[in-house]
Amino acid sequence: PAIKVILASASDIFGDWVFFLRTRNTSGLDEFERPLWFFCVVSSVLGGLTLVSIIMERFPVFVNNHNKYKENCLNVARTLLGLEMFVEDIPQLILTVMVMNAKAGGVWTPVSVFNATTSAFNF
């Protein structure tokens, strides 16, 4: 399932950034620009953490290393990734709904559907 996790995480990051870039500098949506950017950065950091944790758990160089520091790092990474839904996915989904209501009166674009789908996929 490592490939599945990497693809899901990459899709989520891609969806977040594309949605941000499509709504950036749109009149009437200025109040959403910074929160969207913030959660794009959070999504990217957590995606990087996902990749690092998969590498540390799967690659032979790291698997054979039973260092206590490595185990502590993996435990912290697992905890943060377990909270990803609450820290990044749910706020991103709420922001998407708010932007669509403010921008188009509730009419969803293909980019917003993709962003909401990739965020909700992690639930």
Side-chain angles (χ1 to χ4, degrees):
I3 296 295
K4 177 184 159 191
V5 171
I6 291 170
L7 288 175
S9 184
S11 298
D12 187 26
I13 294 166
F14 178 75
D16 292 346
W17 280 105
V18 168
F19 185 73
F20 168 72
L21 293 173
R22 289 286 176 103
T23 58
R24 185 178 63 167
N25 297 329
T26 303
S27 62
L29 298 178
D30 295 337
E31 69 269 14
F32 298 112
E33 191 168 328
R34 286 185 189 204
L36 283 171
W37 178 85
F38 173 77
F39 286 110
C40 285
V41 171
V42 170
S43 176
S44 299
V45 169
L46 290 174
L49 188 60
T50 299
L51 189 59
V52 168
S53 68
I54 287 173
I55 289 171
M56 289 179 73
E57 290 176 340
R58 304 259 194 256
F59 279 56
V61 171
F62 296 108
V63 171
N64 297 331
N65 181 2
H66 298 289
N67 187 341
K68 186 153 180 78
Y69 177 73
K70 175 196 153 197
E71 295 302 321
N72 288 340
C73 287
L74 280 174
N75 287 335
V76 169
R78 286 183 195 120
T79 302
L80 289 174
L81 292 173
L83 295 173
E84 178 181 11
M85 178 175 62
F86 301 107
V87 172
E88 189 269 326
D89 291 324
I90 291 174
Q92 185 69 31
L93 187 59
I94 291 169
L95 276 170
T96 303
V97 171
M98 291 172 66
V99 167
M100 287 297 91
N101 284 333
K103 180 179 179 182
V107 177
W108 286 60
T109 64
V111 172
S112 62
V113 171
F114 181 72
N115 186 31
T117 304
T118 57
S119 291
F121 184 74
N122 287 334
F123 289 175

Open item on the list: Treating Asn115 as the side-chain partner and Val111 as the backbone partner, does any N or O pair qualify as donor plus acceptor under 3.5 Å?
Closed with: no
Task: Atom of Met100, atom of Phe19 and distance for their closest heavy-atom approach - done: CE-CE1, 4.0 Å
Open item on the list: With rounding to the nearest 0.5 angstrom, report the CG to CD distance, Leu93 to Glu88.
Closed with: 10.0 Å
Task: From Lys103 atom NZ to Phe32 atom CZ, the distance as rounded to the nearest 0.5 Å - done: 12.0 Å
Task: Pairwise distance CZ(Phe121) to NZ(Lys4) - rounded to 0.5 angstrom - done: 5.0 Å
Open item on the list: Checking one residue: Ile3. Which other hydrophobic residues are in its cluster under the side-chain 4.5 Å linking rule?
Closed with: Leu7
- [ ] Assess whether atom CZ of Phe114 is packed by more than 12 heavy atoms of other residues, nucleotides or ligands within 6.0 Å.
- [x] yes
Open item on the list: For Glu84 versus Asp12, what's the shortest heavy-atom pair and its separation?
Closed with: OE2-OD2, 4.2 Å
Task: Verdict with reasoning, Asp16 to Ser119, per side-chain contact (heavy atoms from CB on, under 4.5 Å) - done: CA-CA 8 Å; Asp16 292 346; Ser119 291; 3.7 Å; yes
- [ ] Give the intermediate values and the outcome of side-chain contact (heavy atoms from CB on, under 4.5 Å) for residues Glu33 and Thr23.
- [x] CA-CA 8 Å; Glu33 191 168 328; Thr23 58; over 6 Å; no
TODO: For residues Tyr69 and Asn67, report the shortest heavy-atom separation together with the two atoms involved.
DONE: N-OD1, 2.9 Å
Open item on the list: Among residues at least two apart in sequence or on other chains, which ones pass side-chain contact (heavy atoms from CB on, under 4.5 Å) with Phe39?
Closed with: Pro91, Gln92, Leu95
Task: Euclidean distance, Ile13 CD1 relative to Thr118 OG1, rounded to 0.5 Å - done: 10.0 Å
Task: Side chain Thr26, main chain Leu29, donor-acceptor under 3.5 Å - done: no
Side-chain donor-acceptor contacts of residues 44-63 below 3.5 Å, not counting sequence neighbours, with atom names and distances?
residue: Ser44; atom: OG; partner: Trp17; partner atom: NE1; Å: 2.8
residue: Ser44; atom: OG; partner: Cys40; partner atom: O; Å: 3.0
residue: Thr50; atom: OG1; partner: Leu46; partner atom: O; Å: 2.9
residue: Ser53; atom: OG; partner: Leu49; partner atom: O; Å: 3.3
residue: Ser53; atom: OG; partner: Thr50; partner atom: O; Å: 2.9
residue: Glu57; atom: OE2; partner: Arg78; partner atom: NE; Å: 3.0
residue: Glu57; atom: OE2; partner: Arg78; partner atom: NH2; Å: 2.8

Task: Linked, directly or transitively: Val99 and Val107 (ILVMFWY side chains, under 4.5 Å) - done: no
